[in-house]
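Each chain gets a letter, A, B and so on, in the order the sequences are listed, and its residues count up from 1.
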There are 2 protein chains.
Amino acid sequence: MPVGLTEQEIERVDELVGTRRKVARGMPLYLSGESFQSLFAIRTGFFKTEVVSEDGREQVTGFQMAGELMGLDGIGTGQHNCDARALEDSEVCVIPFNRLSELSREIDTLQHHFHKVMSREIVRDQSVMMLLGTMRAEERLAAFLVNLSQRFVSRGYSATEFNLRMTREEIGSYLGLKLETVSRGLSRLQDEGLLSVSNKNIRIHKLDDLKKAMSPRC
Amino acid sequence: MPVGLTEQEIERVDELVGTRRKVARGMPLYLSGESFQSLFAIRTGFFKTEVVSEDGREQVTGFQMAGELMGLDGIGTGQHNCDARALEDSEVCVIPFNRLSELSREIDTLQHHFHKVMSREIVRDQSVMMLLGTMRAEERLAAFLVNLSQRFVSRGYSATEFNLRMTREEIGSYLGLKLETVSRGLSRLQDEGLLSVSNKNIRIHKLDDLKKAMSPRC
DNA sequence: ACCGCGCATTGATCAACGTCAATAATGAGC
DNA sequence: GCTCATTATTGACGTTGATCAATGCGCGGT
């Protein structure tokens with residue numbers, strides 16, 4: 001993943017990425033409480049991460065797609081702090097964390113890259129906090145769809161047509177809304193002509209207006 | 001901060017912490033957009049961090065007290081992504097990030113400690129996401145006060161009596177509530193006999209019940 | 001291909017929280 | 001110590017999104 005490495009360094013980073021692991025749709029990659037040993041880089045597929053609080057509340061904390069790194073939350077305690085579950089048949093690279101630590105002591109580009117990835121995860125979480133703390137239901141939905149669109153396009157897929165891999169309930173959990181509110185919100189965005197929804201298929205007609213819909217109404 | 005270092009290592013970590021800096025109440029430690037150079041460890045005082053979105057929305061993303069580290073969000077982009085502002089006259093240690101990087105390549109205890117701190121920040125942010133996404137107003141307030149209480153007690157202060165350094169509006173921003181709702185919530189917790197509020201002074205009478213108030217009603 | 005269950009949509013009602021407003025209390029600065 | 005601006009409290013009312021409920025649809029699994 002990092003750039004600017006010598007041939008030899010690239011080789012060593014390659015062998016760091018030990019094994020691959022397939023995860024069938026619905027199956028966990030790891031569960032909260034399990035001992036943390038490795039990070040996981042998604043090769044193909046789609047995941048959700050979910051935290052469960054002591055009193056039984058559940059919340060989806062993120063959706064991860066190809067190229068993204070999972071498991072960073074486990075470093076602090078040595079145990080995973082959330083469940084990671086595949087939303088479709090997926091494959092990940094297993095990155096043993098102690099080997100990553102060693103190697104990043106020798107290759108400073110790798111070290112720097114790793115620190116940046118962690119930092120960006122913090123910034124991402126803070127923008128979700130902002131979404132949950134200040135946005136209204138329809139704004140949250142618009143922000144969610146625009147974010148997905150951007151991530152798809154940066155992977156070479158269409159910015160304006162894609163399939164949701166998650167249910168309305170999972171979207172709602174992520175956005176701090178009930179599934180009915182998600183459904184109504186999508187219908188409303190459709191009525192406004194910004195997009196078409198057919199089950200999990202989304203076609204965005206007016207991406208600019210959808211971005212505007214992230215801001216407070218008129 | 002890390003433990004288990006040799007004499008010599010401790011010395012080197014000490015000289016890593018270059019200078020100290022005082023920040024008067026209300027003054028910024030750093031602002032969003034400023035070039036990121038250093039992390040800051042709080043020696044004394046109290047801070048808030050606040051993000052401002054493009055469309056002008058503001059949200060307090062955290063309150064930091066002595067011993068806590070600030071600035072991690074800047075590593076990813078090389079620019080600070082939030083404003084950090086002192087809520088009372090404060091003093092911080094300036095930790096130049098490139099020197100920390102170098103030193104953590106040589107002292108693996110330091111490296112590991114730093115990774116843990118970043119990871120815990122991610123976990124903390126996720127628990128705030130859960131608070132914002134699933135809790136009701138009074139539950140959020142209870143969780144906020146219990147969290148403050150725990151952090152005070154771990155610093156040797158009273159778990160049951162302390163002064164809030166922030167306004168109702170700042171609490172509300174952090175908890176995704178309006179200041180009136182915060183005020184009403186505190187009054188309600190007082191009516192229920194769980195605590196006494198007198199402006200910024202909080203006395204918790206029933207810490208156990210306050211913890212229970214974090215869970216869904218009855 | 002079919003079946004059945006999970007998922008989605010939509011409506012009606014309600015509670016929680018936001019908004020607007022008026023007043024009171026505090027404390028920072030002179 | 002006084003004053004004024006900031007902060008906090010409380011009430012009345014409005015809006016948003018949750019809840020409860022009923023129906024329809026689609027897709028995964030056999």
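Within a 6.0 Å sphere centred on CD of B:E169, heavy atoms belonging to other residues, nucleotides or ligands number 12 at most.
Between the C1' atom of D:dT10 and the CD atom of B:Q190 lies a distance of 13 Å, rounded to the nearest Å. For the pair A:K200 NZ and D:dC25 P, the computed distance is 18 Å after rounding to whole Å. A straight line from CD1 of B:I202 to C1' of D:dA8 spans 12 Å, rounded to a whole angstrom. Rounded to whole angstrom, the span from the CG atom of A:L179 across to the P atom of D:dG17 amounts to 15 Å. The distance from atom CD of A:E139 to atom C1' of D:dT16 is 12 Å, rounded to the nearest whole Å. Following rounding to the nearest Å, B:N201 (CG) and D:dA8 (P) show an atom-to-atom distance of 13 Å. One can place NZ of B:K178 at 18 Å from C1' of D:dT10, the figure rounded to the nearest angstrom. Regarding B:E180, its CD atom lies at a distance of 15 Å from the P atom of D:dA12, rounded to whole Å.
Between D:dT9 and B:S183, a contact under 4.0 Å exists linking OP1 or OP2 to a side-chain N or O.
Residue contacts for B:G176: at a heavy-atom cut-off of 4.0 Å it reaches the sugar-phosphate backbone alone, with no base atom in range. Here A:L177 lies in heavy-atom contact (under 4.0 Å) with sugar-phosphate atoms only. Note on B:R136: only backbone sugar-phosphate atoms sit closer than 4.0 angstrom, heavy atoms only; bases stay farther off.
For A:D83 (side chain) and A:S32 (main-chain N/O), a donor-acceptor pair under 3.5 Å exists by modelled atom type.
One finds no salt bridge joining B:K211 and A:E54 here, because no Lys/Arg side-chain nitrogen approaches an Asp/Glu carboxylate oxygen to under 4.0 Å. Remark: A:R203 engages A:E161 in a salt bridge, criterion side-chain N to carboxylate O under 4.0 Å. Ion pairing of B:R188 with B:E138 is present here, as a side-chain N (NZ or NE/NH1/NH2) and a carboxylate O approach within less than 4.0 Å. Using a 4.0 Å cut-off between charged side-chain N and carboxylate O, A:K116 and A:E121 make no salt bridge.
Between chain B and DNA chain C, the heavy-atom contact criterion of under 4.0 Å yields a 5' to 3' nucleotide range of C:dA16 to C:dT26.
Ring geometry for A:F114 versus A:F97: interplanar angle of 30 to 60°, hence tilted.
Comparing atom distances between the A:R25 side chain and each of D:dT9, D:dG28, D:dA8 picks out D:dG28 as nearest.
Taking for each of A:A137 and A:N199 the nucleotide of DNA chain D with the nearest heavy atom, the 5'-most of the two is the partner of A:A137.
A donor atom on one side chain and an acceptor atom on the other are not found under 3.5 Å apart for A:E50 and A:T61. Under 3.5 Å, the side chains of B:T77 and B:N81 contain a donor-acceptor pair of N or O atoms.
Listed by residue number, there are no residues of residues 49-65 of chain A with a heavy-atom contact under 4.0 Å to DNA chain C.
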